[in-house]
Amino acid sequence: MHFEKKISDHNIDLSVIVPVFDEAESIQELVREITQVLSSQKWDYEILLIDDGSTDNTFQLLETLHQKDKHIRAIQFRRNFGKAEALSAGFWASSGDIVVTMDGDLQDDPAEIPSLAAKLNEGYDLVSGWKKNRKDPISKRFPSRIWNRMTSFMTGLKLHDFNCGIKIYRREVAKSIHVYGELHRYIPALAKWGGFRVGEMVVNHRPRRFGQSKYGVSRFFKGFLDLITVMFLSRYTRRPLHLFGMWGLLFGITGTGITAILIILRITKAIYLTNRPILFIGILFLIIGMQLFSIGLLGEMITRSQSQGRRYAIRRFLGE
Ligand SMILES: Nc1nc2c(ncn2[C@@H]2O[C@H](COP(=O)(O)OP(=O)(O)O)[C@@H](O)[C@H]2O)c(=O)[nH]1
Ligand SMILES: [Mg+2]
């Protein structure tokens with residue numbers, strides 16, 4: 001899977017990608033904490049913040065931070081495109097050999113980055129955090145648990161916390177994953193299907209100090225619909241005809257068989273077609289078969305001609 005890549009002159013050691021949406025109160029403290037951890041490691045790093053159409057003064061703050069410290073780069077979207085698109089933009093713009101993503105609300109702890117890097121070096125391509133002791137209300141923890149179980153079961157990847165904000169990736173993973181909609185929740189599954197080695201590590205989680213959660217109950221419904229998308233995309237995007245065409249053929253052949261027999265009986269034994277309800281089943285199957293088959297073919301055509309272009313629009317890029 002090769003998407004458009006940002007070719008940078010030289011790679012640095014580590015990029016930290018933080019999607020932010022109305023997190024003005026947290027940003028300065030967050031950047032200070034990350035900087036402290038990374039500079040103590042003697043890494044060549046960048047902190048890449050993606051402002052996804054915030055309505056508060058998030059971007060002004062990012063501008064000030066960028067003026068003071070060129071390790072800090074910032075992208076501003078023209079409007080809110082969602083967390084998945086923000087992560088995609090971050091992956092595209094990053095130049096680190098290793099990439100870390102984390103939430104912008106101070107709930108993820110930057111102090112975990114060195115241990116995550118150590119875990120990655122044990123032989124993984126992606127290590128996902130696990131908020132084992134999660135500091136969120138039960139109304140969020142409980143549904144999340146069920147959702148994680150279900151996702152584990154459906155995707156065949158055993159993880160406790162798919163949607164943990166803090167994750168560490170090797171460059172190849174970050175550059176080959178393109179997420180949109182709510183698909184960021186399934187990054188570990190997408191990576192696994194891409195042939196990457198995925199692990200998990202328990203991380204510290206902190207309560208939200210400022211602002212409020214951006215997601216309501218609707219996340220669980222959307223999340224479930226996206227699970228279906230993920231399952232479908234991973235298996236059949238390349239060959240939609242394999243899914244639709246197979247059922248199309250099955251219905252088509254049965255339908256043709258039934259109608260052919262009825263026609264032969266009509267001709268040879270003069271059994272009239274009136275009063276033969278099965279005729280309708282034959283015709284129905286023929287039509288369903290043709291429908292499915294053509295949907296499959298249309299899908300194939302769309303896959304062929306679809307460009308893997310970006311969906312988000314950037315207004316400003318500090319440190320481009
Ligand atoms: N780019 C982007 N980030 C978002 C959006 N909604 C939430 N976030 C970020 O995602 C992270 C987690 O969001 P949060 O509301 O804390 O979700 P929770 O921790 O699951 O309750 C934070 O860093 C938010 O700034 C969005 O629409 N776009
Ligand atoms: Mg949060």
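Indexing begins at 1, ligand by ligand and atom by atom, following the structure's order. Computation of the quantities below employed the complete heavy-atom set of this structure, encompassing side-chain atoms and omitting hydrogens, waters and symmetry-equivalent molecules.
- For atom 14 (P) of ligand 1, the closest non-hydrogen atom of the protein is R208 NH2, 3.5 Å.
- If you check which protein heavy atom lies closest to atom 9 (C) of ligand 1, you get P19 O, 4.0 Å.
- A distance of 5.5 Å separates CD of Q76 from CG of D51, quoted to the nearest 0.5 Å.
- Residue N80 approaches ligand 1 through these ligand atoms, each under 4.0 Å from one of its heavy atoms: 26 (C), 27 (O), 28 (N).
- Atom 4 (C) of ligand 1 has its closest protein heavy atom at F21 CB, 3.6 Å.
- Classified by interplanar angle (parallel below 30°, tilted 30° to 60°, perpendicular above 60°), the ring pair W92/Y312 is tilted.
- Two rings, from F251 and F293, have their centers 6.0 Å or more apart.
- Between F153 and W147, the distance separating the two ring centers is not shorter than 6.0 angstrom.
- The protein atom (non-hydrogen) at minimum distance from atom 15 (O) of ligand 1 is K214 N, 2.6 Å.
- Per-residue contacts place A86 under 4.0 angstrom from the following atoms of ligand 1 (heavy atoms of the residue considered): 1 (N).
- Side-chain contact, D136 with Q107: a donor N or O sits under 3.5 Å from an acceptor N or O.
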Take V203 and D108 through the test side chain to side chain contact (heavy atoms under 4.5 Å, CB included) and record every step on the way to the result. CA-CA 8 Å; V203 292; D108 292 328; 5.6 Å; no

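- Annotation: Q107 places an N or O atom under 3.5 Å from an N or O atom of ligand 1; distance criterion only.
- For ligand 1, the atoms sitting less than 4.0 Å from at least one non-hydrogen atom of G104 are 22 (C), 23 (O), numbered in the order shown with element in parentheses.
- Within the listing of ligand 1, atoms 22 (C), 24 (C), 25 (O) sit less than 4.0 angstrom from a heavy atom of E23.
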Would you please test L265 and R276 for side chain to side chain contact (heavy atoms under 4.5 Å, CB included) and show each step? CA-CA 12 Å; L265 289 178; R276 305 273 338 231; 4.1 Å; yes

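- The minimum heavy-atom distance linking E112 with M201 is given by the pair OE1-CE, 3.7 Å.
- No continuous path of ILVMFWY side-chain contacts below 4.5 Å connects I12 to L49, so the two sit in separate hydrophobic clusters.
- Between E25 and R209 there is no salt bridge, since no side-chain nitrogen of the basic residue lies less than 4.0 Å from a carboxylate oxygen of the acidic one.
- Of all protein N/O/S atoms, those under 2.8 Å from the Mg ion (ligand 2) are D105 OD2, Q107 OE1, and waters are not counted.
- Residue contacts with ligand 1 do not include G165, since none of its heavy atoms lies under 4.0 Å from the ligand.
- Screening residues 252-272 for side-chain hydrogen bond (donor to acceptor under 3.5 Å, both in side chains) gives no qualifying pairs among residues at least two apart or on separate chains.
- Contacts between V18 and ligand 1 below 4.0 angstrom, taking non-hydrogen atoms only, are absent altogether.
- Nearest protein neighbour of atom 13 (O) of ligand 1, counting heavy atoms only, is Y215 CE1, 3.9 Å.
- For T55 and D22, the side-chain atoms include at least one donor-acceptor pair closer than 3.5 Å.
- Of the protein's non-hydrogen atoms, the one nearest atom 18 (P) of ligand 1 is K140 NZ, 3.6 Å.
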Taking it one step at a time, do F196 and Y169 satisfy ring pair (Phe, Tyr, Trp, His ring centres under 6.0 Å)? CA-CA 10 Å; F196 295 110; Y169 313 71; 9.8 Å; no

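- Atom 26 (C) of ligand 1 has D52 OD2, 3.4 Å as its closest protein atom, hydrogens excluded (heavy atom only).
- The protein heavy atom nearest to atom 16 (O) of ligand 1 is D105 OD2, 2.5 Å.
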